[in-house]
Structures are given as C-alpha cells and as structure tokens.
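Only heavy atoms go into these numbers, but all of them, side chains included; no hydrogens, no water, no symmetry mates. Just so we're on the same page: letters track the sequence lines, and every chain starts at 1.
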Amino acid sequence: MAFKITLKNLLNILNGLSKNYLIFVPILDNNKIKLKRFDGKNFYTGTELPINSIKELVLPQRDCMLKYKWEKDSGYSVEEIKQESKKTIVFCKPCDTQSVNIIDKIFLNNKEDNYYKEKRENLIIISIGCSTLCRTCFCTTVDGSPFNEKGSDIFAFFKDDSFILKSVTYKGFFILKNFEGSEIEDKIFIEERNNVEKNIEYTPVNIRELKEKANSKFEDNIWKELGEACIGCGACTYLCPTCHCFDIQEEVKKNIGLRVRNWDSCQFSFFTKEASGHNPRVSNRERMRQRFEHKFSYIPENNNEIGCVGCGRCVVYCPVNIDIREVIERIME
Amino acid sequence: MEKGKEPKILAFLCNWCSYQGANLAGVSRIQYPPNIRVIRVPCSGRIRPEFIIKSLQEGWDGVLISGCHPGDCHYIEGNYYARRKFLMVKKLLNFIGIDERRINFSWVSAAEGEKFSQVVKEVVEKMKNVDCKNYMKKVLYE
Amino acid sequence: MNNKIIENIRMEVKKALKKKKVDLVIAYGAGSIPYKTKPLFITDENDTDGIIWNSFCNINLAGYLVKYQDKKVGIIAKGCDTRAIISLIKEKKLKRGQLYIIGVVCDGMIAITDIDKKISLSSIDSIIEDNNKIIISENGIKKEFSRADMINISCGDCNYPDPVLSDVIIGEKRNINKDRFKKVKDFEKLKDLEKEEFFKKEFEKCIRCYACKEVCPVCYCKECFTESSDPKWIDTGVETTDKAMYLLIRAFHMIGRCVDCGACNRICPKGVDLNIIMNKIASDLKDNFQFEAGISIDDKIPLVTYKEDDINDFIL
C-alpha cells in the first residue's frame, strides 16, 4: 500500500512525529547540504548528497561507553553508559541505506556490538529514490541502483510537488500509519523506477571478478603511483558511509574517567604503529592499498557485499583527487 | 569560575630565579593570596604553548609564567626566546576570545620575594572580575 | 590566456628533464572532475601532455618535496608555494641546489567551498575560464560567474602572487602590495564574546580528518603532537574543546613557518576558516618582529632568535 502526500503535508506530519521521534533530514545549511535534525520547516529535496552520512547515527564519531571513578571512601566503581537512544527517523538516499546494510554485517554478525545494536534497532530508514545521478555518483557500478529498496523501512520518491511512499518492512509499516494521504497503487514505484533507470548509463562491475583481480594485484604498480600522490589525511575515510574503523580511548581527569570510542582512519600514519615503533604499513602506498583491498576484496570475501556504495563523497573531497572509480578501472584491466 | 569566586591560577616558575623568589617570600613570611599552585621548570624557555592551552582545558582559571630578568637567565638566553613566544601566544589566545587577563607573565629574580607577592596579588586582583566560563574547559561528565 | 601558460610550463618541464637538470618534476594534472586537479610526478620528458594550469590548483606541491631529499626535483610553484619552499630551506629540510623551481604567477585559486556557495556541485559538467569570468555548465545550461567573486578568501588578500624564488618565471608579474591584515585588525576590535561565538562555530565544523595538517608543506614532523600518547596533549575525540586544542596548537607550532599559502583553508572538506588564525599570526609577526615568513632565505626565524630590546610591556 502506497501513499501520495503533498510537501506541505509532509512537513506537518514530520512536525507531529517530532514529539516522539528524533527526525534527521537533509537541509541546506550555510551553502552545504547536511544531514541534521529537522527544524520544523527545512527539507532539501534535490539531487546532491549531504556531506555527512547516516553512519553518524549508528556509529557516532564519539561514543561514550563506560564511566569510572575512584573515591577515597567507596573505592573504585565502573558504570556502563546506558545506550538509551530515542527512536530515530532518517531520510536518506539508497546509497547511504546500503552502507548501513554493509556495516550491519560487520557489527551484528557473530558477536553483536551492543552500542551499535541499540542505535540500529531504534533507527527507521526512509530511502528517497534519486531521479538522476550526480556526476560523481556511481552506485550502478557497485551493484547498487538509485531505486534500490534493500535495507530501507520505507521507500519513497519525490515527483512534481508530491511525496510518494510505501512501506518495505514491518517497522516502516508501523510508521507509515502516521502518513495520511491519498492511496496510490504500488505499481507507480515500478513505473518510476523504469523511468529513472532507462536514463542512466549502467556500467556494473562483476563483484567476484573485482575481488579476484584486486587480490591478484596486491603487488601491482598502481599502489605505488597512488601512494605518491596520497597525503595520508583521513578525509576519505571520515566522509565514507562505509568506513568503520574505530579507536578506543580513555579520557581521564584526576579521579574520574570515561572510555570513548572514536572514529579512526587507516590512512593515518600511526594507525598501525606498534609499541616497538615498527609500522607494518609504513608509507602511504601500503595504507592506500589497504583501504581499497578492504573495500573490494576483504569485505566481499567475508560478507558477500562490495565495500563501496558509490556515493562519490571521497571523489569530491579528496584533496589530491584520488578517484576510486579510476582505481576500479585500473584493477579491472 | 563565576564572578566573586576565588580564581585558581597555575604558576610556572623558573627554577633559578622565580622559584627562589617565591621561596624567599615564604621564608620572609610575606603574605600573598593562596590562589596559586606552582610547577617548577628549569627555565621559562621550557614552556611550550601546549602547557598554557592545556591548563585552560583542565579547568584552571588563569596562568602565570615567571622567569629571570632579561640578561640574567641561568641558561643565558632562554628567557629571551620565551618572551617572544609568550607575546605570540597571548595575542593569539586573546584573538580567539579568551580574556587576556587570564594569561600573565612576569620577571621575578631570586632576591625579589616582595615583588613575587606583589605579582601574585596583582594577578589575583585582576582575575576577580573575569568571567572564566568558556568553551575551552573540558568536562568529562557531571 | 591559460593555454599559453600551460604551453610554457610543459616546455620548461620538457627542457628540464631533457637536460637532466632534474630526476623528477612535480606538476598539476587534470582531475577526474572539472573542479579538481591532481599532482603529477613526471620522470619522462615525453609525458608532459598531462600538465595543466587553472584556478583549481589548490594544493601546495611543496609539501611533496620533503620526501625527495636525496633527489634533484623540479616543481611548478605559485607565489605562495615558492615562499613555502623558502621556509623549508630555512629549516634545512631542503637544499636550494637540489631544486629547479618553475614559478608561475598566480591569479588566485577557487576551492570547493567557494563553488558550493554559488552552484550545486552534483551536476557540474564542465568549467571554462575566460579571463575574468568562470563559466560553469550545469546539466548543459551555462552559468557565468565573476572570477573575483569566487576566489578563495586566502587568495583574495594575497600580496605575493609572484614567485619569490625561482629558476624561471612564467606569466607576467602582478606586483601587488595591499594591506592584507585589514580583516584581522577589524576582527580584533570585536568583543570577547563575539570572538568566542565566531570561533566556536568554526571549530564545531571540524571533523579532525587532519587534511589541513597533511597538506601543509611546512608540517613535516615525523611524529606529530596528535600522535603522542605520553604525554597525551589532546584527546582524539570531537568535543569542541578538543578540536579547538588541535587547531590552536597546530597554529602555535606553525608560528614563523606558516607562509599563509591557504592550502589548508582550500582543501578543508567542511570549510573551516583557518585562514583568519594564520593571518593573525602573520600580522603579529610583522607588527612585533618585522618578520614575514618565506620572503628571504637569509631572514632569521623569529622564534629562534631574539633582540635584547624586544617588546616587554606585557610583562608584569
């Protein structure tokens, strides 16, 4: 069952939902599109991706895990920080949704990560299908699509002045009850999907082939060439919706302390530095190679998914223009 | 520190002059406000800008750095370099919105016990009216 | 106009490699998207066709030189890049004899955050520069913008577009001499609270990606204070106070070294205004010690020298 609502109604409904849910929408803030809390009136409906991805909602850049203190009379005490996150609704593009699917497989397989699980279970994802691709998007290369419903709780798209949505999971169905509008047939989704897809140039890459070729090219010259240009900052990893490396730190002040989990980047020179001073990934060449092999070889091997969603953020923001699309081409040669 | 409360000041004193001056003030029973806590460094030139900023982050209301008079440094020229560094640090911190009365420098020699107590009195007096609540202080949890 | 410059640059690079003046030349090449460029490392004289020059040559190529201390290296350098090279030579990280500097007079660079202000990045097909106009084609539709409007703030106030140290200069010198510290002096007049509000907002944007630190040519320490765990100067999180600490301590470490090239400002993904802090440092150094970084190789670095009659009035 699908609904069609006007934009104005959408804003009203979101205002109503704000009482019980945290709502995150893309907004135009200071000339940049960002994913931020819904403020009551602003909602960006265009094609550009927000600079921050929904990774922040399930894996915050700074996540407090434990607090502990020592007091003279009572001694040492540790307290786990309760992860009481409120139910959160987020509007994002299908590539970001797919990135959460990938991170799910890493944090919820085998041993579940409690801190991640709590936030993930309270997250309701509304994927908004793209009507065109940006110049830097390449989701179709990495087994994705602008109308990919996988992983979303509600799937929607903007058409003219309306917002058309349907539920994909039970979680979504429950929320959809709040969206009152005129009922519309499900087949409009298939029609729109065909409409969009016939205008896109599909250049998909065979994931298995990419994995095998990436494996075989471990010692290839391409890493030396890229490594020369790479400056070793963390911009690509921090903006990437799939990169999930973290660092656990203790922040201590006198007799109280906090254990936090922060984002970390494999591109930093001290990421693999050992206590002896030895660093197995001593230059940018090894670190670059690690990132791409992780995305195209190790994650497909371990989790049966390609580790890149084709959002293009790293392509736009890399200071030295290392283009992941060119890397894929070179590997597939 | 809210207005009216006692400011807490971290003092970095150079071992050969200012620390001895403070010592002399103590031995001579000269009264001075108890708001300072002292860290002894070999020379005022040892002070890195990180020390000052980290003190603000740890919650100190003010910082006092004191060294030998120019020309009298035990290491010949440490305090000359320090003087240049401090000027830059003070100006930049003022630029980002930290009240300049919070960062203080002085020259106190080993024989100037009285001067040391004057310096401390002056700094504490200045700081009484300064609102020290700002975004630099790090609070782990309440 | 740019085409002539590009031709000349390619010719000079070819010459330098042919005559074996250098083993390697670092130049700008076309990026995979219209508003970006990438660094090229050219060793063969026949490979010069990839070299370009436009208003998106945002990074400071001098940053790569420190890796090649034992080779003879050629480099395409804008005015600010040559000053960074002087700064590195002063700090004994490079020798003048090993460098072949192809200086290019710079008209100012445009960063991603500058384009973002005028037009959405997602649908830009192509960008053409025509004298004082930037013509951006968006989904086939051409839009014109004035160059002066789009130039990055770090370039807008620049006094040194002409290379200060070079073996050959391409382009006509512009000989600019303006008061580049006016913005800083105006900012200083604000009240403490207003300054705090401004900086709090700026520091909030930062994501601690360290792009500014890595692209900076004079930030060459093998072990940075951010990596130090004993003593641990700053926590690695993103509390505003930690971010402020990182940006300020890096600024302090750059005193006397930073030549205000603005590369950090232009490549910051979030558009944090680092330019104003570095400008303030440059302004203070000029006022109090009559020093400008990167102008002359023989100048003494201000913080490792002293005068007996230095400014004393702030001392109790």
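- Looking at heavy atoms from C-beta onward, C:D242 lies in side-chain contact with B:K138 at the 4.5 angstrom threshold.
- Using a 4.5 Å cut-off between heavy atoms, C:V304 contacts chain B through its backbone alone, with no side-chain atom that close.
- At a 4.5 Å heavy-atom cutoff, C:L190 makes no contact with chain B through either its backbone or its side chain.
- By the 4.5 Å heavy-atom criterion applied to side chains, B:K91 and C:K280 are counted as neighbours.
- A 6.0 Å sphere centred on CD of C:Q290 holds more than 12 heavy atoms belonging to other residues, nucleotides or ligands.
- The choice from C:N288, C:T241, C:L193 that makes the most heavy-atom pairs within less than 4.5 Å of chain B is C:T241.
- The salt bridge (Lys or Arg N to Asp or Glu O under 4.0 Å) pairs that include a residue from residues 39-55 of chain B are B:R48-B:E50, B:K54-B:E58, where partners are two or more places apart or lie in different chains.
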Show, in sequence, the C-alpha distance, side-chain angles and deciding distance for C:Y306 and B:R83, and conclude whether the side chain to side chain contact (heavy atoms under 4.5 Å, CB included) test is met. CA-CA 9 Å; C:Y306 63 90; B:R83 179 166 59 181; 5.9 Å; no

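- Chain B forms the most heavy-atom pairs under 4.5 Å with one residue out of C:I277, C:I249, C:D284, and that residue is C:D284.
- Looking only at side-chain heavy atoms (C-beta outward), C:D192 and B:N94 come within less than 4.5 Å of each other.
- With a 6.0 Å radius and a threshold of 12 heavy atoms from other residues, nucleotides or ligands, C:K178 has its NZ atom above the threshold.
- Near-neighbour residues of residues 198-217 of chain C relative to chain B, defined by a heavy atom under 4.5 Å from a heavy atom of that chain, comprise C:F199, C:K200, C:F203.
- Considering only heavy-atom pairs separated by less than 4.5 Å from chain B, the leading option among C:E194, C:K307, C:E197 is C:K307.
- Heavy-atom pairs under 4.5 Å with chain C peak, among B:I96, B:I53, B:V119, at B:I96.
- With chain B as partner, the option from C:T305, C:I311, C:I276 having the largest number of non-hydrogen pairs under 4.5 angstrom is C:T305.
- Interface remark: B:V108 contributes no atoms to any contact with chain C (heavy atom separation under 4.5 Å).
- Contact count versus chain C (heavy atoms, under 4.5 Å) is highest, among B:N104, B:V123, B:L92, for B:L92.
- Using a 4.5 Å cut-off between heavy atoms, C:I255 contacts chain B through its side chain alone, with no backbone atom that close.
- For C:P231, no part sits under 4.5 Å from any heavy atom of chain B, backbone or side chain.
- Heavy atoms of other residues, nucleotides or ligands lying less than 6.0 angstrom from NZ of C:K286 number 12 at most.
- Contact check for B:L93 versus C:F252: side-chain heavy atoms found under the 4.5 Å cut-off.
- Neither the backbone nor the side chain of C:K189 comes within contact range of chain B; no heavy atoms are under 4.5 Å apart.
- B:F51 and C:W233 have parallel rings, their planes meeting at less than 30° on a 0 to 90° scale where 60° marks the start of perpendicular.
- Residues B:L87 and C:F289 meet the side-chain proximity criterion, which asks for heavy atoms closer than 4.5 Å.
- Summarising the geometry of C:N312 relative to B:W107, their closest heavy-atom pair is OD1-NE1, 3.4 Å, with the distance given to 0.1 Å.
- Counting non-hydrogen atoms of neighbouring residues, nucleotides and ligands closer than 6.0 angstrom, the NZ atom of C:K185 exceeds 12 such neighbours.
- You'll find the side chain of C:P302 reaches within 4.5 Å of the side chain of B:R84, heavy atoms only.
- Residues C:K195 and B:F95 share a closest heavy-atom pair of CD-O, 3.3 Å.
- A heavy-atom distance below 4.5 Å is not found between the side chains of C:L316 and B:F105.
- Shown here for C:I315 and B:S106, the closest heavy-atom pair between the two residues is CG2-CA, 3.5 Å.
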